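In this text the structure is predicted, and so the values were computed from the model without any measurement. Proteins get letters first, then strands, A, B, ... in listed order; numbering begins at 1 in each.
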Amino acid sequence: MRYPFAEAELRWQKYWDDKKVHKTDLSDLEKAIYCLVMFIYPSGAKLHCGHWYNYGPTDSWARFKKLQGYNVFEPMGYDAFGLPAENYAIQTGIHPKDSTLTNIDDIRVQLKRMGCMYDWDAELMTCAPEYYKWNQWLFLQLYKKGLAYRKNAPVNWCPSCNTVLANEQVQSDGTCERCGTPVIQKALTQWFFKITEYADELLEGLKKIDWPDKTKHMQENWIGRSYGAEAKFKLADHDDVIDIYTTRPDTLFGATYMVLSPEHPLVEKITTDENKHAVEEYQKSVQSLSEIDRTSTAKEKTGIFTGAYAINPVNDEKIPIWIADYVLMTYGTGAIMAVPGQDERDWEFAEKFDLPIIQTVQPPDGFEGKAYLGDGPAINSSFLDGLDVTDAKAKIINWLEDKGIGESKVNYRLRDWLISRQRYWGTPIPIVYCESCGEVPVPEDQLPVELPYDVDFKPDGGSPLASNKEFVNTSCPTCGEPAKRDVDTMDTFVDSSWYYLRYLDPGYSEGAFNKSLGESWTPVNMYVGGAEHATMHLLYARFVHKFIRDLGLVSSDEPFQKLIHQGTITNNGVKMSKSKGNVVNPDDFIKDYGSDVFRMYLMFMGPYELGGDWSDKGIVGVDRFVQRVYSLVEKHEGLSKNVKAKTQYDIQLLNGYEQNLYRKVNQTLSKYEVEIEHFRFNTAVAALMELMNELTKDIDNSSDELKLYALERLITMLAPLAPHLGEEAWQILGYKETLFENPVWFSVDEKAMVEDTVTIVVQVMGKVRAKLELPKDSDENIVKVAAFENENVKLHTEGKQVIKEIYVQNKIYNIVAK
RNA sequence: GCCCAGAUGGUGAAAUUGGUAAACACGCUAGCUUCAGGAGCUAGUGCCGGCAACGGCUUGGGGGUUCGAGUCCCCCUCUGGGCACCA
């Protein structure tokens with residue numbers, strides 16, 4: 001009979017649900033494992049292959065651990081705030097709250113159809129006041145420590161989404177990551193979280209976590225630590241000084257001009273009258289450029305002379321001060337000393353504007369580039385001459401420090417996290433503005449500041465919350481006078497920065513999360529999600545976790561100890577997305593083959609981290625495998641009631657078929673454990689298929705005891721990958737208990753793994769000429785004799801002189817002959 | 001421009017990390033079987049030559065190290081991802 005997957009899968013899902021089989025006892029810390037997938041964004045679209053690809057295999061890993069006796073916690077929830085729901089509301093008039101709650105109900109049904117062992121009691125959604133209340137609490141804690149602050153700053157603005165974007169949300173071509181509209185710059189007063197306070201620890205912490213190297217590199221580059229020096233340059237005709245940052249203080253003697261960022265506060269002050277007009281024109285032209293346009297390396301350098309001069313402190317030379325958009329106000333001090341001899345950008349600029357170039361490092365003979373960036377002895381640098389770069393740096397920094405005009409300095413590219421969003425569907429910022437008291441945080445006992453239902457969320461560039469007067473107008477918590485609420489909401493990445501803590505007790509009302517559970521269940525042991533979050537979510541969550549640690553609420557330094565990225569499933573090479581209309585809907589496959597087969601097929605497709613192009617070719621192979629397993633098990637219905645299998649057999653006492661079977665079962669089990677542990681599901685499935693092929697040959701010639709031995713192991717290995725079938729088969733075999741309520745895992749009989757004969761390959765001049773079946777660990781002489789007795793080997797060595805023979809035990813015998 | 005990852009049959013891929021390349025599947029071919037259904041079973045299947053034994057070639061291209069290279073080193077081509085004037 002064909003496996004009635006549809007009936008069986010729904011029956012098991014109902015059973016797991018009704019009996020809360022997957023509820024985790026979080027008080028049991030022995031062998032505790034926290035296995036987490038990135039929570040789901042509840043859009044109106046159905047779950048697609050990408051979701052299944054993320055969740056299915058991760059669940060299989062969790063189930064494997066569960067069968068091995070671990071206490072596994074695997075929750076699922078909803079990242080429910082955010083732009084798409086709001087944009088949908090603008091299009092359709094359906095309120096984000098209504099559409100989101102409906103979507104969540106639909107998605108929950110689809111998630112359950114996957115058959116994952118989610119602990120549904122731990123389910124959470126970020127749009128619930130009980131959740132976002134604690135975003136506000138987090139904001140207030142940061143505020144108290146001076147790590148949440150407000151400033152007027154030029155920000156990335158998406159004219160289509162009508163909101164601010166974090167740097168991380170602007171794509172490299174200068175467009176909005178959500179809608180593709182070119183991002184522009186706009187000055188606004190916004191809230192920031194001071195992630196830069198943790199820059200150094202965020203960088204150092206990468207060494208301690210088991211994450212993909214690629215992701216760590218990306219964070220490293222994003223944080224961008226550099227070592228250098230700050231130095232003060234006096235102006236020639238003013239009292240002011242200009243602070244510069246440089247990574248090459250050793251080249252100070254080559255500083256032939258200075259460049260300020262066009263936004264530098266000193267520009268206005270120092271610009272001479274005759275240059276004023278041109279400078280202002282230039283500033284204006286720069287303003288209209290986005291940061292991406294400004295920083296494009298492809299663009300030719302532009303800039304303009306201010307008319308002012310500074311004094312190079314090492315040689316008292318008068319050097320001109322320019323402004324140029326290649327100097328950014330947001331990095332370092334917003335001013336540089338330009339050393340065209342040792343910096344490519346300065347070289348380009350100096351050439352274009354005909355500024356002097358002095359070499360301060362001797363390039364090697366034959367150097368043909370323009371600016372020389374490498375090491376070498378200092379030249380034209382007075383007391384630094386002859387020193388290499390490192391020594392020159394040290395000496396000049398000492399010199400600057402002695403004079404009191406400079407010091408060594410570490411800089412980061414990382415910028416503070418801008419969290420204000422001029423949108424509705426998010427967490428209100430818990431701040432009110434009072435005429436007399438100014439900016440006042442909402443007291444914790446007045447949280448949550450609830451998001452009102454009734455607002456006008458048409459995009460007009462302002463915050464939709466401003467349209468609800470009842471919300472906006474409040475009284476000052478300090479003086480009681482009329483005051484206005486902040487009408488912006490928080491970036492949804494705030495929500496996802498600590499949700500893994502909330503899962504542990506989502507109904508907890510005494511705090512953001514249950515402290516003792518947070519203490520014992522972090523860091524998360526296994527975190528699985530898309531690589532696109534490398535510099536956003538995954539960096540923000542690390543920052544927030546460290547902050548929460550510093551509040552004394554957890555003692556772990558990192559939120560996610562082990563991280564794995566699932567690959568992307570594409571369709572004809574294009575990433576699947578609703579807007580492109582190329583989403584492959586799993587429903588048809590579930591209908592035809594069931595969720596077990598679909599999950600297993602996704603795992604079998606290829607390496608998990610690689611993803612791949614979608615194709616349904618081959619799903620029938622997995623289906624056939626499942627059918628063969630089912631009919632084999634069915635043939636042995638109730639077997640466990642009649643016989644008992646031993647945990648180990650003496651292989652010598654078994655017949656040939658049995659020996660083969662016994663060995664294969666143990667080899668498979670051993671391989672399987674390693675492969676699943678490392679998320680190499682494709683080879684784990686292949687190993688099970690191989691085992692199945694062996695079973696077909698050997699099982700009929702084996703004793704009932706050994707049949708049971710093999711089937712038990714086959715089924716327990718299958719169960720994590722195809723959980724419904726696993727349970728079903730276990731019952732057919734005659735067990736009353738279910739596998740996932742009463743986990744069973746068998747240990748490997750290492751002795752059985754060893755083959756008593758091995759195949760030794762005989763090569764002549766590196767080419768395979770014969771294969772010898774010989775007892776394991778045969779003596780070299782025996783192998784040699786056998787090798788030279790081989791007809792084909794004789795043929796290829798005849799008339800030649802044997803120069804050398806190499807024997808690798810149990811593997812290869814290579815004859816070098818001429 | 002810089003950094004990272006990758007390229008293996010008709011297809012998805014495997015290869016104990018320097019030791020039999022192509023496991024496991026899909027597809028294809030032939031045969032058997034069933035009240036042709038998108039079913040099952042058996043055998044074959046990297047390419048070229050040969051009835052066969054066997055031989056030659058083969059892991060994007062070129063060079064190198066080695067008894068031996070998909071794996072290590074150098075150069076090149078292409079693909080995917082990240083960064084992009086950070087002084």
Side-chain angles (χ1 to χ4, degrees), chain A residues 2 172-173 212-218 220-222 224-226 228 244-248 251 259 261 292 294-299 301 324-328 330-339 342-346 348-349 411-415 531-532 534-535 567-568 570 573 592 601 604-607 609-613 615-625 627-628 631 671 674 680 682-693 696 759-771 791-792 795-796 803-808 810-817:
Chain A
R2 233 185 110 79
S172 54
D173 63 351
D213 285 340
K214 197 182 145 187
T215 309
K216 291 206 229 181
H217 274 129
M218 279 167 70
E220 243 170 71
N221 294 336
W222 196 263
R225 181 167 63 189
S226 78
I244 60 99
Y245 172 72
T246 177
T247 54
R248 294 295 303 274
T251 63
V259 186
S261 158
I292 299 296
R294 264 183 76 167
T295 57
S296 160
T297 42
K299 199 185 74 142
K301 297 266 176 302
D325 65 359
Y326 81 90
V327 175
L328 310 172
T330 45
Y331 184 79
T333 59
I336 61 158
M337 64 174 198
V339 186
Q342 263 61 53
D343 184 285
E344 282 172 330
R345 297 150 301 181
D346 296 346
E348 206 187 309
F349 193 82
N411 253 323
Y412 301 90
R413 302 166 75 138
L414 183 68
R415 299 184 203 174
E532 67 274 17
T535 50
T568 311
T570 54
D592 288 353
Y601 176 58
F604 187 57
M605 268 173 55
E609 284 89 345
L610 209 68
D613 206 41
S615 158
D616 57 9
K617 275 188 203 167
I619 192 167
V620 293
V622 176
D623 183 54
R624 279 175 202 156
F625 167 64
Q627 297 303 334
R628 290 173 65 203
S631 50
K671 181 176 170 67
V674 176
R680 293 193 292 255
N682 54 333
T683 46
V685 174
L688 288 187
M689 287 174 166
E690 266 188 74
L691 174 61
M692 185 62 211
N693 292 343
T696 317
T759 309
I760 291 174
V761 175
V762 183
Q763 298 183 336
V764 180
M765 294 300 287
K767 286 195 186 300
V768 180
R769 296 301 177 191
K771 292 171 188 180
E791 288 302 319
N792 206 33
L795 199 73
H796 285 92
I803 298 164
K804 199 173 169 185
E805 287 152 273
I806 293 119
Y807 176 52
V808 181
N810 300 325
K811 277 190 176 152
I812 214 149
Y813 197 84
N814 193 3
I815 300 159
V816 187

| task | Report yes if at least one side-chain N or O of A:Arg413 is closer than 4.0 Å to OP1 or OP2 of B:rA87; otherwise report no. | result | no
| query | A:Asn814 near the nucleic acid: base, sugar-phosphate alone, or nothing, with a heavy-atom cut-off under 4.0 Å? | reply | base
| field | Protein-nucleotide distance (A:Gln627, atom CD; B:rG38, atom P), rounded to Å | value | 17 Å
| task | Whole angstrom is fine here: how far is it from CD1 in A:Ile806 over to P in B:rA69? | result | 12 Å
| request: Under 4.0 Å between any heavy atoms, over every strand shown, what does A:Val816 touch: base, sugar-phosphate, or nothing? Just pick one. | output: sugar-phosphate
| Just checking A:Asn411: base, sugar-phosphate only, or nothing, at a heavy-atom cut-off of under 4.0 Å? | nothing
| query | In terms of the nearest nucleotide of RNA chain B, which residue is placed more toward the 5' end: A:Ser226 or A:Ala687? | reply | A:Ala687
| request: Look at all strands and tell whether A:Asn693 reaches a base, only sugar-phosphate, or nothing, counting heavy atoms closer than 4.0 Å. | output: sugar-phosphate
| request: Determine: side-chain N/O of A:Lys804 to OP1/OP2 of B:rC67, distance under 4.0 Å, yes or no. | output: yes
| task | Select base, sugar-phosphate, or nothing to describe what A:Arg769 touches, counting heavy atoms under 4.0 Å on all strands. | result | sugar-phosphate
| Hey, does A:Lys767 reach any base, or is it just sugar-phosphate, or nothing, if we go heavy atoms under 4.0 Å? | sugar-phosphate
| said: What's A:Ser615 touching, base or sugar-phosphate or nothing? Going by heavy atoms closer than 4.0 Å. | reply: nothing
| task | Quickly work out the A:Ile244 CD1 to B:rA87 P distance and round it to whole Å. | result | 12 Å
| Which whole-number value in Å describes the distance from A:Ile812 CD1 to B:rG68 P? | 12 Å
| field | Atom pair distance, as rounded to whole Å: CG in A:Asn792 and C1' in B:rG56 | value | 14 Å
| request: Under 4.0 Å between any heavy atoms, over every strand shown, what does A:Arg624 touch: base, sugar-phosphate, or nothing? Just pick one. | output: sugar-phosphate
| query | Which whole-number value in Å describes the distance from A:Asn810 CG to B:rU16 C1'? | reply | 13 Å
| field | Residue whose nearest RNA chain B nucleotide is more 5′ - A:Leu795 or A:Lys771 | value | A:Lys771
| query | Is any side-chain N or O of A:Tyr331 closer than 4.0 Å to OP1 or OP2 of B:rA87? | reply | yes
| said: Taking any heavy-atom pair under 4.0 Å as a contact, classify A:Glu690: base, sugar-phosphate, or nothing. | reply: sugar-phosphate
| note | Syn within 90° of 0, anti beyond: B:rG9 is syn
| request: Answer with base, sugar-phosphate or nothing: what part of the nucleic acid does A:Phe604 contact at a heavy-atom distance below 4.0 Å? | output: base
| For the atom pair CZ (A:Arg415) and CG (A:Leu328), what is the distance rounded to the nearest 0.5 Å? | 6.5 Å
| said: Whole angstroms only, please: what is the OH-P distance between A:Tyr412 and B:rA87? | reply: 13 Å
| Whole-Å gap separating C1' (B:rA5) and NE2 (A:His217) | 12 Å
| Syn-anti status, with the boundary at 90° from 0, for the nucleotide B:rU17 | syn
